[in-house]
Amino acid sequence: METWRVVATVLLAVTGLPLVLVLMAKLRDRTDSSGTVAITGAVAFVALLLLGVVMLTVLPGAVTWSLLGLVAAALGVMMLAS
């Protein structure tokens, strides 16, 4: 396994986990349903997990780094908006 794949996946985890928490917090502010918040967190976490596995195994370099940049940008925008 290439080193850049491992580095990109670790960076995805570092930026993706706070993004999941921010998504859950924003949903909690909009709705008072804890079940909806839990489901949203679970879906976002599984999507992040699957994206990490795909990045680690089969995606080409340009797509991997582009997706990482997209996740980091989304986290930055959500943190600034809150």
Audit row: Leu67, Val63, side chain to side chain contact (heavy atoms under 4.5 Å, CB included) steps and yes/no: CA-CA 6 Å; Leu67 285 173; Val63 176; 4.1 Å; yes

Least distance between heavy atoms, Met55 atom then Arg5 atom: O-NH1, 3.0 Å

For Leu23 against Ala44, the heavy-atom pair lying closest together: CD1-CB, 4.2 Å

Co-membership, hydrophobic cluster, residues Val20 and Leu50, 4.5 Å side-chain: no

Heavy-atom closest pair, residues Trp4 and Gly61: CH2-CA, 3.4 Å

Interatomic spacing from CG in Leu48 to CG in Leu12 - rounded to 0.5 Å: 5.0 Å

ILVMFWY network linking Leu19 to Val54, side-chain heavy atoms under 4.5 angstrom: yes

Rounded distance [0.5 Å steps], NZ in Lys26 versus OG1 in Thr31: 13.0 Å

Donor-acceptor pair, side chain of Arg28 and main chain of Ser34, under 3.5 angstrom: no

Joint cluster assignment, Val14 & Leu70, ILVMFWY side-chain distance < 4.5 Å: no

Met79 reachable from Leu27 in the ILVMFWY side-chain graph, under 4.5 Å edges: yes

Interatomic distance, Phe45 atom CZ to Leu21 atom CG [nearest 0.5 angstrom]: 10.5 Å

Verdict with supporting geometry, Leu68 and Thr64, side chain to side chain contact (heavy atoms under 4.5 Å, CB included): CA-CA 6 Å; Leu68 179 61; Thr64 297; 5.8 Å; no

Common cluster, Val7/Val71, ILVMFWY with side-chain heavy-atom separation under 4.5 Å: yes

Ala72 to Thr15 - nearest heavy-atom pair and separation: CB-CG2, 4.3 Å

Atom pair CG (Leu56) and CD (Glu2), whose distance is rounded to the nearest 0.5 Å: 9.5 Å

Which atom of Pro18 lies closest to which atom of Ala13, heavy atoms considered: CD-O, 4.2 Å

Other residues, nucleotides, ligands: >12 heavy atoms within 6.0 Å of Asp32 CG: no

